[in-house]
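Encoded as structure tokens, the structure appears first; notes follow it.
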Amino acid sequence: YEEATRQSAKAYLESNGAHIAPASAADGVQDAAFLKQLFGMNSIPAVPAAAKEDPTRVLATLYEIGGPLTNVLSTSVAKQLPMIPHVGVRLYGTEYFYSDVIESRPVAVMQDMLEDFPQVSFDLGPATVTEQELEEWIASDALQSQWQPESYNVFDHNCNHFARVICDKVTENGLEESLMRPVIAVTEEMLSELPEWRKNLGKGFMNQITRLVVVTPSFGFAASPSLS
């Protein structure tokens with residue numbers, strides 16, 4: 001991570017907060033070790049209760065899925081990765097994400113499956129599309145054709161890039177760039193200054209490992225955190 005990227009995210013959070021809805025101390029806080037790595041903060045406010053309970057609000061949830069595999073993946077690209085991030089987008093009671101295809105699960109199911117993984121959520125405000133419009137867009141050939149198994153690339157076409165696309169579609173302002181930049185940079189920029197053969201080796205290895213983590217019949221996160 002470049003310090004400037006982290007400081008930009010921290011400055012945004014200090015000036016604007018983590019949520020569109022007003023946060024209250026009564027709602028508590030969210031903490032995860034990666035917050036310090038990504039955003040230079042130890043914690044952020046919890047999602048306001050009113051937003052959390054409103055299915056028409058859009059929530060972006062950031063998970064740390066790497067666990068022990070982070071060091072293995074780091075070796076493949078000869079750079080130490082701080083984490084392996086995954087972003088899912090919640091609205092209308094469903095969480096949408098990209099594994100090697102566009103997938104969706106009920107929020108309640110995802111909460112149960114991923115409760116042991118470090119995570120924080122951001123309220124992005126009310127949805128700007130209806131549930132029917134969202135479902136039609138998700139099913140459209142124009143979108144599906146861009147997010148197929150052969151399109152997956154852990155460095156520059158992964159779940160985090162998809163989260164940015166869907167948030168741009170369903171919210172007024174999308175995912176704040178200063179917050180997404182550190183997340184995207186974990187995979188997108190870690191290949192800088194590597195020789196081409198090392199990049200290709202890293203891509204092949206990390207694509208396989210990342211799919212092992214997130215692509216299983218029950219969604220890979222259901223496995224033990226020690227394997228994720």
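- Ile166 places none of its side-chain heavy atoms less than 4.5 Å from the side chain of Phe97.
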I'd like to know whether Asn42 forms a side-chain contact (heavy atoms from CB on, under 4.5 Å) with Asp31, so could you lay out the CA-CA distance, the side-chain angles of the two residues, the decisive distance to 0.1 Å, and finally the verdict. CA-CA 6 Å; Asn42 293 317; Asp31 51 35; over 6 Å; no
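- To the nearest 0.5 Å, atoms CD (Gln37) and CD (Glu64) are separated by 8.0 Å.
- Pairs passing the side chain to side chain donor-acceptor pair (under 3.5 Å) check and including a residue from residues 7-28, sequence neighbours excluded, read Glu3-Gln7.
- By the ring-ring contact (aromatic ring centres under 6.0 Å, His included) test, Phe39 pairs with no residue at all, sequence neighbours left out.
- Rounding to the nearest 0.5 angstrom, the gap separating the OG1 atom in Thr61 from the CD atom in Gln30 is 8.0 Å.
- A donor atom on one side chain and an acceptor atom on the other are not found under 3.5 Å apart for Glu115 and Gln111.
- Linking ILVMFWY residues whenever their side-chain heavy atoms come closer than 4.5 Å, directly or via other members, leaves Ile20 and Val120 in distinct clusters.
- Within the 4.5 Å cutoff, the side chain of Pro149 has heavy atoms near those of the Val101 side chain.
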Would Val58 and Arg90 satisfy side-chain contact (heavy atoms from CB on, under 4.5 Å), going step by step from the backbone distance to the final call? CA-CA 6 Å; Val58 180; Arg90 301 175 176 180; over 6 Å; no
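- Residue Ile44 comes nearest to Ser121 through the heavy atom pair CD1-O, 4.3 Å, listed as atom of the first residue, atom of the second, then distance.
- Put simply, the side chain of Thr94 never gets that close to the backbone of Arg105: no donor and acceptor are under 3.5 Å apart.
- To the nearest 0.5 angstrom, Leu114 atom CG is 6.5 Å from Glu95 atom CD.
- A search for side chain to side chain donor-acceptor pair (under 3.5 Å) contacts involving Glu176 returns Ser178, not counting sequence neighbours.
- Among residue pairs with one or both ends in residues 161-173, those qualifying as side chain to side chain donor-acceptor pair (under 3.5 Å) are Asn158-His161, His161-Glu188, Arg164-Glu177; sequence neighbours excluded.
- Smallest separation of non-hydrogen atoms from Val165 and Trp147: CG2-CZ2, 3.8 Å.
- Follow the hydrophobic side-chain contacts under 4.5 Å out from Trp137 and you reach Tyr96 in the same cluster.
- Ser140 contributes atom OG, which lies 7.5 Å from atom CD1 of Ile102 (distance to the nearest 0.5 angstrom).
- One hydrophobic cluster, built from ILVMFWY side chains closer than 4.5 Å, cannot hold both Val107 and Val47; they sit in different ones.
- Side chains of Leu62 and Gln119 form no contact here, defined as non-hydrogen atoms less than 4.5 Å apart.
- Residue pairs meeting the side chain to side chain donor-acceptor pair (under 3.5 Å) criterion with at least one partner in residues 45-60, sequence neighbours excluded, are Asp54-Thr56, Arg57-Asp123.
- A 4.5 Å side-chain heavy-atom check between Phe34 and Pro85 finds every atom pair outside the cut-off.
- Counting all heavy atoms, side chain and backbone alike, Ala51 lies closest to Ala21 at CB-CB, 4.2 Å.
- Residues Leu13 and Leu179 have side chains in contact (heavy-atom distance under 4.5 Å, counting atoms from C-beta outward).
- Between Ala23 and Pro45, the shortest heavy-atom contact is CB-CB, 3.8 Å.
- Not a single side chain to side chain donor-acceptor pair (under 3.5 Å) links Gln144 to another residue, sequence neighbours left out.
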Would Leu38 and Met83 satisfy side-chain contact (heavy atoms from CB on, under 4.5 Å), going step by step from the backbone distance to the final call? CA-CA 10 Å; Leu38 292 177; Met83 65 181 292; 3.8 Å; yes
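- Ring orientation note: the planes of Tyr98 and Phe162 are tilted relative to one another, at an angle of 30° to 60°.
- Counting heavy atoms from C-beta outward, Leu175 and Phe122 have side chains that stay 4.5 Å or more apart.
- In this structure, Leu59 is not a member of the same hydrophobic cluster as Val89, with clusters built from ILVMFWY side-chain heavy atoms closer than 4.5 Å.
- Considering only heavy atoms from C-beta on, Ser104 stays 4.5 Å or farther from Ile138 through its side chain.
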